[in-house]
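The structure appears below as structure tokens.
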Amino acid sequence: MEDTNVVKSKDGTIAVASAFAGHQEAVQDRDHKFLTKAVDEAYKGVENGDGGPFGAVVVQNDEVVVSCHNMVLHHTDPTAHAEVTAIREACKKLNRIELSDCEIYASCEPCPMCFGAIHLSRIKRLVYGAKAEAAIAIGFDDFIADALRGTGVYQKANLEIKKADGTEALIAEQVFEKTKAKFSMY
């Protein structure tokens, strides 16, 4: 039997670091394979004139479900980022809205919108290549985690943000209470 790397934490729990010799290398090789496919998609998107240099691959059971790239220019849609496009296509292909048995490989660190889509789709694992700063360095400004609060390092939002109050807020909040019995997410 192969050696197993066991780590015991302060609270007494035990974690198995690898089930067999070479496990970490196998994971790295697998990640490299799928991340390379995402990067290839990024190049493809630019070459086709579809959008910026971003690619994403959704994987289920070591098989590629979809491989997509940024489609912002092609679809004239600012939300058609590679990750969002890949999630949309994977959901259509698998005929469901949750991807909890899938992983996503992205050529670049996801922006907040894409991270939100990854979170909402219940994807179990995200692997990304380049840091956001690589995209910011060539002019992309989609990395707006703090922009809405006005504390962004790279940009500040140029829009007024106001939460409704009074009757408008009450009507908007009531939709959740009035429809909860008719709608189930999962």
Side-chain angles (χ1 to χ4, degrees), residues 18-20 22-148 152 154-155 157 179 182-186:
S18 63
F20 58 91
H23 173 73
Q24 191 62 33
E25 292 81 11
V27 170
Q28 287 175 342
D29 288 348
R30 182 180 174 281
D31 287 351
H32 177 77
K33 177 176 94 170
F34 293 126
L35 191 55
T36 297
K37 191 160 186 64
V39 171
D40 289 345
E41 277 292 334
Y43 281 114
K44 181 179 171 184
V46 172
E47 290 168 13
N48 292 343
D50 292 333
F54 303 95
V57 176
V58 174
V59 175
Q60 178 189 49
N61 299 325
D62 290 334
E63 296 292 326
V64 172
V65 176
V66 294
S67 182
C68 299
H69 55 264
N70 183 292
M71 298 292 284
V72 167
L73 299 176
H74 181 83
H75 292 312
T76 320
D77 177 359
T79 69
H81 291 197
E83 299 92 333
V84 172
T85 301
I87 289 167
R88 288 173 180 163
E89 293 301 317
C91 287
K92 284 179 193 173
K93 187 171 182 177
L94 298 173
N95 196 32
R96 54 193 164 107
I97 62 168
E98 63 86 24
L99 303 171
S100 61
D101 59 344
C102 296
E103 300 167 275
I104 191 164
Y105 291 81
S107 62
C108 186
E109 181 178 0
C111 73
M113 176 187 69
C114 292
F115 183 78
I118 291 165
H119 173 73
L120 291 173
S121 68
R122 308 292 194 255
I123 287 175
K124 68 179 178 180
R125 185 168 182 256
L126 160 67
V127 177
Y128 67 89
K131 293 183 91 177
E133 287 77 11
I136 292 164
I138 65 166
F140 284 92
D141 66 353
D142 298 333
F143 301 92
I144 55 173
D146 294 325
L148 296 179
Y154 301 106
Q155 68 171 311
T179 62
K182 298 177 184 176
F183 185 74
S184 175
M185 283 293 291
Y186 303 101

Heavy atoms from other residues, nucleotides or ligands near NE2 of His119 exceed 12 (cutoff 6.0 Å): no

Residues forming a side chain to side chain contact (heavy atoms under 4.5 Å, CB included) with Leu94, sequence neighbours excluded: Gln60, Val65, Arg96, Leu99, Cys102

From Ile104 atom CD1 to Cys114 atom SG, the distance as rounded to the nearest 0.5 Å: 8.0 Å

4.5 Å side-chain heavy-atom contact, Ile123 and Ile87: yes

Between NZ on residue Lys37 and SG on residue Cys68, distance to nearest 0.5 Å: 10.5 Å

Under 3.5 Å: donor-acceptor pair, side chain of Asn61, backbone of Glu63: no

Got a list of side-chain donor-acceptor pairs under 3.5 Å for residues 49-59, not counting sequence neighbours?
from: Asp50; atom 1: OD1; to: His74; atom 2: ND1; distance (Å): 3.4
from: Asp50; atom 1: OD2; to: His69; atom 2: NE2; distance (Å): 2.7

Partner set under side chain to side chain contact (heavy atoms under 4.5 Å, CB included) for Ala134, not counting sequence neighbours: Ala130

From Tyr43 atom OH to Asn48 atom CG, the distance as rounded to the nearest 0.5 Å: 14.5 Å

SB check Asp62 Lys33 (cutoff 4.0 Å): no

Value rounded to 0.5 Å, distance of CD1 in Ile97 from OG in Ser121: 10.0 Å

Step-by-step side chain to side chain contact (heavy atoms under 4.5 Å, CB included) determination, Met71 to Arg88: CA-CA 12 Å; Met71 298 292 284; Arg88 288 173 180 163; over 6 Å; no

Nearest heavy atoms of Ala106 and Leu126, plus distance in Å: CB-CD1, 4.4 Å

Rounded distance (nearest 0.5 Å) linking atom CD of Glu83 with atom CD of Glu109: 10.0 Å

Lys44/Glu47 ion pair, N-O < 4.0 Å: no

Approximate separation, where rounding is to 0.5 Å, of Asp31 CG and Arg125 CZ: 4.0 Å

Where Ala117 and Val84 come nearest, the two heavy atoms and their spacing: CB-CG2, 4.1 Å

Evaluation steps, side chain to side chain contact (heavy atoms under 4.5 Å, CB included), between Tyr105 and His32: CA-CA 10 Å; Tyr105 291 81; His32 177 77; over 6 Å; no

